[in-house]
Every structure is written in C-alpha cells, then in structure tokens.
Amino acid sequence: MPRFNDFPQVFQPYAIGSMELKNRLVFSPVVSGHATIREGEVTDNLVDFIGACARTGVSRVGVGATPVDFGRARDFFGCLSATRDTDVAGIRRLSEEVHRYDARFSVELLHAGRIAQPEALAGRKAYVPWLAPDMDPEHFLQVGEEEMGEVIQLFCNAARRLAEADCDEVLIHGAHGNFVSGFLSPATNQREDAYGGSFENRIRFPLRLLEAVRDEVGSALNIEYRISQNEYAENTITLDEVIGFLQQASAFIDSAHLSGGWIFDANWIRKMMPSYVEPRCLNVERGALIHKALDIPTVIVGNITTVEEAEAILANDQASLVAMARAHLADMEAVTKAYRGQPETVRPCLRCIECAARPAMGGGVRCAVNPALGRETRYAHIGRAEVKKKIMIVGGGPAGMQAAQIAARRGHEVTLYEKDDELGGRLREASALYKKEDTHRKYLDWSRRATRESGATIRLGVEVTPELVLAEQPDVVINAAGGIHHLPPIAGIDCGKIVSITDAELGRVPVGRSVLVMGGGISGLECAIQLAYEGHEVTIIDMLPTDKLWREVMNELRSGLIELKEQFGIELIDDATIIRIGEDAVEYRLSDGTAGSVQADSYVASFGIVPQREFNLAIKDTLPEVKLVGDAREPHNIFWANMDAFNVAVEL
C-alpha cells in the first residue's frame, strides 16, 4: 500500500482474463459524440478525448454505444463505427492512444433495437425481440431465426475488427432495454417459441450471441457483458434470473458489468444515469449479491461519485472493479489527485446530467463544472498569456469565480469584486436543496477554495460602480454581476406576504406554514421541494401545462424531481395565469377561462432572473473592453455560467 494515500484497495493491480489492470478503477463506457456524425469515423477530437480519459489514471477506458449496424442498431449520432473493415485503422489509433498511458481499451457493442434512431432507420423496421401490442407493425419487426442470425453475425464481425485494432476488451451491451436485453426481460419478451416465455427460453438468444462472439475472437479479446441488475419496472427480470443468466454466461465472458434502469419508462430511465436526487451507489447492494454468486469478476456502476466510495465498495468485497464516468469528466485529474493523497482537491460532479444533453445527436460531450471537457484538442493545455493584463471581475458567483480561476491561470493580474461578504452568488441558492449536499454544495466549497488559491485578489463587501472602474483603470472588465429577480406587472406584486426565492431558499426571511410558490420552473420546483422537506405545506402555480414544465433538464433528472414533488404532497396549479396577488389570496385564471384562488401564509416569487440592464450599460461605457458573462449576459444555469466565463477568460 502506498504511504501517501488511503486507498489500498483502489490502487491494487487486478487481472481479468488475459487483461492486466494497474488498479481497480475503470472508466464507464462513454459516447462523447466526437466521431463523424453520420459515418462514425475516428477524428482527432475523439483521439484527444480518449487520450484525456486514459491520462486520468484509470486502468481501463471505454467507448460506449458502438452500434453493430448503422441502420437498425444505432441510438446515437457521432458514435464510433466498427461496422466496416476500414474502421480498423481508426480504432487502432484509439487503442494506441490509450495504451500510451498504461491503460486498457474497451469498446461497447450494442444493437439499439426498439430505441434505434428513427432517422438512421430511414424507413426500415426496427428489430425487436417481441412485437408488443403497443408497437405498430409498420415500424417494428419481431425477429425470426434469420434476423437473429444476422444480428449475431454483425456482433461477431464488429468484435473481430476490435481484435484487429488491438483493443483489449469488447463489452456487449445487454442492459437498459436494448435489443439483446429485450430477450431477457418478460416485460419485453412474450414470444411463444423457443426464445420466449420461460427463463430458459428468454436467455437462449443472449447465450447464443455470447458463444458466437467467443468463438469469433477466442482469447484475443476479453468479453464483458453489461446487464441491468435491476430494471425497476414491473414484470421485468428478477435478481435470481440475473444471477442464473450470468452463471451460464460465465462460460463465454470474462466479467459482468452491473448497471441498472430501463429506458422505456420515464420513471426508471433515471436509474440508468442517476442524478443528484437519486441514492448514491444505488446498484451496490444488489450488485454485491450478484458478485458473491459468480465465479467471474464484476464491475459495479451507478452514482458512484468519489474514490472514497470506490474504496469502501472494494474493501467490503461488493465488486471486483468500480466504474465511474461523470466523476472523471468533472475532474480529469480525480484519480491522480486521490493517488497522491489529495482527494479533497477533486472538483465534484453535480450529477446534473448536462454531459448527456449533447452527444445523442452528435454534439461533443460537455460538463457543467469542467468547461474544457470535450474540447481537448483546443484546451489540452491552458498556457500563459503573451501579454499580462490587469483584469477586474465584477461579481463572485459561479461565472465570476470561473473567470478568476482561468484568468489567473493565464498569468493576468486579477481582482475579483463581490458586493456580498462571501463568494457564491446564485450558486448558494442553487445548492439549497437537501439532495445537493454532496454535489452543488460541495462544488460551491470547491470553487470558493479554487478561487482563493488561484492567485486572484478577492475584495468582498465592495460594490462596483462606474467610478470605481475608472479609478482602477483595468485593461479588461469581466462583468459577472449576475441578474436580478423579475417581477411581472401583476396587481399586488408589492404585497407584503411576498418573499423572493433567494430569501426563501437561503433562509433569510421566515416563511409561513403554508406557502405558494409563484413560478414553477426548476428553481421554483426545487424551492418547493426543500420547503416541503422542512415541513411546510406547499403549492406551486405556473402558467405552463404540466407536460411542458421542467423540460429544461434531462428526463433522468426531471422524473426524479417529479417523484419528490409527489412524495411530499406538493400541489400544482398548472396552465394558470396569476391575475391578482392579495393579502387574502392569489387569484388566477386557467387557460380554459376558469377562475380560481389559492390561500397561503407566504408567497414565494420565482418568476425568473433578468439581466441588470442599467448597471450593464453603465459599466459598458467605462472602458473599451468590457465582457458580459453568465447571468449578466443571459440568465441560465451553472453550465452556461461556467462555460460563458471560461470562453471569455481563456482568450484574454
């Protein structure tokens, strides 16, 4: 055990099949969206991204969702192709890049089946194990022996190409409801032939597939099988069936990758890529039972956020290896920092799932807290500026702190001014939800510390005016002063019972037992959940209908927040326009003309944020070079604030 860290299990070498691993941390398979959008060819951007993943210090790097057929099998654009013999040379570039850093390279093969991209299908029918009653026969085809043989051959051909490209492992994706996993689950396989019905019949096709792939690659590649150890939905595969299948599959595979979730139900898709509202390490308990029942190594994944959590899992013999992706994406030096005994310096992942928003349609992966992610070709190294400048940053919220960190790293003389007595800005209220204690609050602490340690001068309790700017005479002003609360012209908007969402979330002003949150966006919803968690009776009112609310976040997060709303009994008045705010009640009118009213002890105003236009114009006129970033330019979220500030500061 190294004397400089406290992770004896994590940093222990491990062998799987013919693959020697330098430690027990692996990178979960990632679709970064860097391959060419339609053809899936390897690009310099993809090579640089995969190289950055390998440099993290993990023992294995994986490319995810590589379809065995670009017509019926793909669920992403910008994904890697292993469908042509001409793909081998490009994939070999990736293998070489990973091997440079003493890591092993894995490629995940899948057939999307029912969830194939409609545009890629181009009028062809999607292959499914079973034509369910809700499927249109014009668009879906229940496969027969011929089609099954075709799919198996496609997997074998792709696996052969991976071996020729010097990959170390092929990961067969049999989880989340795709084509292969669809055979296993009784919810998606009610065939009446030798491939459906009984457990023995439902596992027949996946076992045929695995045996064929093993025969194709022999010992040239390790084979790992990815499975949803819990699909969560009703009438899906049981724990005993998962164990029974993997025990039989062990004849052909070297390891089992234990994931979770089911893509066909908005309520359970959130278990595939768990957000900050989901339990941490949510697959570990059941995964440990599977691990102990198998004679092959297991890989556990699912809302594992830190090396400390990984160490505990391994120390308790709950898995052989621990897989993470988003924790590494948030800080590509997380493993190195932990190895050096500095885990407290790791930039935390928010579990906000912003990283999944772009790749599905071929956009490069991005991260809310790591603006360089996915742009490794351009920002592999952020060097010193040729000309040192005096930079004044107005505002110490997420955008201001990001700008200070990057500008100081570039070697500039940076002074950050914040009118409050602490850094954080709206990140403080964005961290208020009790579910965010180890994500957003942890990131707030990290960003404050990183800003203080960046070399920038920080002046708290100082409000910037045009006169101060003129007196300081900086070369550049970065205006990250944020926005102000929007108050719409509603009768009674100055009512004494109104509390701003900021004051409510930060506990600056007491609120009554019953609370009406006026404005039900994500901020309003999270405020309502937190107040309900604290014991208040909460109602939300919003002008949008329910099906259009909270669409600014990924479904994996949206469905989890909705469940919390229902769990706490929060009432929702949707599709309603507020027409009067009174001390006695708030009056509203529904879109169908129906009038109504609601009473509460306190009203929380959550109508959104708007830029401080007068202040922005005043600052803009002081110097030739004034940059607007974050909410000062366009109110949005943490991702936008960090990205906007980074893009400005890195070019100075």
Side-chain angles (χ1 to χ4, degrees), residues 28-31 62-68 72-76 79 106-117 120 126-130 132 135 140 151 155 170-189 202-203 205-206 209-210 224-239 241-242 245-246 249 253 255-275 278 282-284 286-287 290 298-304 323-326 353 355-357 359-360 554-560:
S28 302
V30 172
V31 185
V63 171
T66 301
V68 295
R72 285 189 166 98
R74 74 188 295 173
D75 58 355
F76 283 88
C79 58
S106 172
V107 175
E108 178 184 63
L109 297 181
L110 99 157
H111 195 296
R114 180 179 175 180
I115 56 174
Q117 280 282 357
Y127 282 177
V128 292
W130 171 60
M135 293 182 185
F140 298 96
V151 170
F155 271 93
V170 56
L171 173 59
I172 305 297
H173 195 335
H176 306 156
N178 64 25
F179 180 77
V180 178
S181 72
F183 277 90
L184 286 174
S185 178
T188 49
N189 182 3
R202 286 185 278 115
I203 67 175
F205 174 78
L209 169 64
L210 293 172
E224 187 163 289
Y225 188 85
R226 190 180 196 187
I227 191 169
S228 286
Q229 49 78 36
N230 191 351
E231 291 182 330
Y232 293 93
E234 294 181 2
N235 194 36
T236 52
I237 191 168
T238 67
L239 176 61
E241 288 177 334
V242 171
F245 166 71
L246 290 175
I253 65 177
S255 52
H257 184 110
L258 308 178
S259 184
W262 203 51
I263 201 166
F264 302 124
D265 189 319
N267 201 41
W268 303 126
I269 191 175
R270 70 181 202 266
K271 304 296 185 180
M272 290 169 44
M273 185 175 285
S275 72
E278 302 299 328
L282 79 170
N283 294 325
V284 170
R286 279 171 61 109
I290 299 169
T298 60
V299 182
I300 195 69
V301 70
N303 237 16
I304 303 167
M324 297 183 281
R326 287 175 287 165
I353 324 185
C355 52
M554 296 288 286
N555 278 333
E556 291 87 339
L557 173 56
R558 181 179 186 267
S559 60

How long is the span from the CD atom in Glu234 to the OG1 atom in Thr236, to the nearest 0.5 Å? 9.0 Å
Show your reasoning for whether side-chain contact (heavy atoms from CB on, under 4.5 Å) applies to Ile227 and Val242. CA-CA 8 Å; Ile227 191 169; Val242 171; 3.9 Å; yes
Any side-chain heavy-atom pair from Asp265 and Tyr232 closer than 4.5 angstrom? no
Heavy-atom closest pair, residues Ser181 and Gly174: CB-O, 3.0 Å
Nearest heavy-atom contact between Glu278 and Gly560 is OE2-CA, 4.0 Å
Measure across Phe76 and Pro359 and return the closest heavy-atom pair with its distance rounded to 0.1 Å. CD2-O, 3.7 Å
Taking all atoms of both residues into account, what is the closest heavy-atom pair of Gly261 and Lys271, and its distance? CA-CB, 3.7 Å
Apply side-chain contact (heavy atoms from CB on, under 4.5 Å) to the pair Ile203 and Glu241, showing each step before the final yes or no. CA-CA 9 Å; Ile203 67 175; Glu241 288 177 334; over 6 Å; no
Is the shortest heavy-atom distance from the side chain of Leu246 to the side chain of Leu258 under 4.5 Å? yes
Within-4.5 Å side-chain heavy-atom neighbours: Thr188 and Phe264: yes
With a 4.5 Å heavy-atom cut-off, do Pro67 and Leu110 have their side chains touching? yes
Backbone N or O of Asn178 within a donor-acceptor pair of the His176 side chain at under 3.5 Å? no
Before giving the answer on side-chain contact (heavy atoms from CB on, under 4.5 Å), spell out for Ile263 and Trp268 the whole-Å C-alpha distance, their side-chain angles and the decisive distance to 0.1 Å. CA-CA 7 Å; Ile263 201 166; Trp268 303 126; over 6 Å; no
Taking all atoms of both residues into account, what is the closest heavy-atom pair of Ala356 and Met554, and its distance? O-CE, 3.7 Å
Could you check whether the rings of His111 and Phe179 sit parallel, tilted or perpendicular, using 30° and 60° as the cut-offs? tilted
So how far is it from Arg270 CZ to Ile353 CD1, rounded to the nearest 0.5 Å? 10.5 Å
Between Tyr225 and Phe245, ring centroids under 6.0 Å: yes
Work out which heavy atom in Ala233 is nearest to a heavy atom in Trp262; give both atom names and the distance. CB-CE3, 3.5 Å
Is the backbone of Ser259 close enough, under 3.5 Å, to the side chain of Gln229 for a donor and an acceptor to pair up by distance? yes
Taking side chain as C-beta onward, heavy atoms only, is Val299 less than 4.5 Å from Glu224? yes
Indicate yes or no: at least one non-hydrogen side-chain atom of Leu171 is less than 4.5 angstrom from one of Val107. no
In terms of side-chain heavy atoms, does Glu556 have a donor or acceptor partner in Ser275 at a distance below 3.5 Å? no
Could you check whether any side-chain heavy atom of Val128 comes within less than 4.5 Å of a side-chain heavy atom of Met135, counting everything from C-beta outward? yes
Just verifying a value: how many Å separate Leu282 CG and Asn303 CG, rounded to the nearest 0.5 Å? 6.0 Å
Can any side-chain N or O of Asn189 pair as donor or acceptor with the backbone N or O of Phe183 at less than 3.5 Å? yes
Please report the interatomic distance CE(Met272) to CG(Asn555), rounded to the nearest 0.5 Å. 11.0 Å
I'd like to know if the side chain of Thr66 and the backbone of Leu109 have a donor-acceptor N/O pair within less than 3.5 Å. no
Strictly distance-based, threshold 3.5 Å: is any side-chain N or O of Asn283 a donor or acceptor partner for the main-chain N or O of Val301? yes
Is Arg202 reaching over with its side chain to a backbone N or O of Leu184, donor-acceptor style, under 3.5 angstrom? yes
So do Val31 and Val63 actually touch side chain to side chain, heavy atoms under 4.5 Å? no
Carefully, step by step, assess Ser185 and Glu231 under the rule side-chain hydrogen bond (donor to acceptor under 3.5 Å, both in side chains). CA-CA 9 Å; Ser185 178; Glu231 291 182 330; 3.0 Å; yes
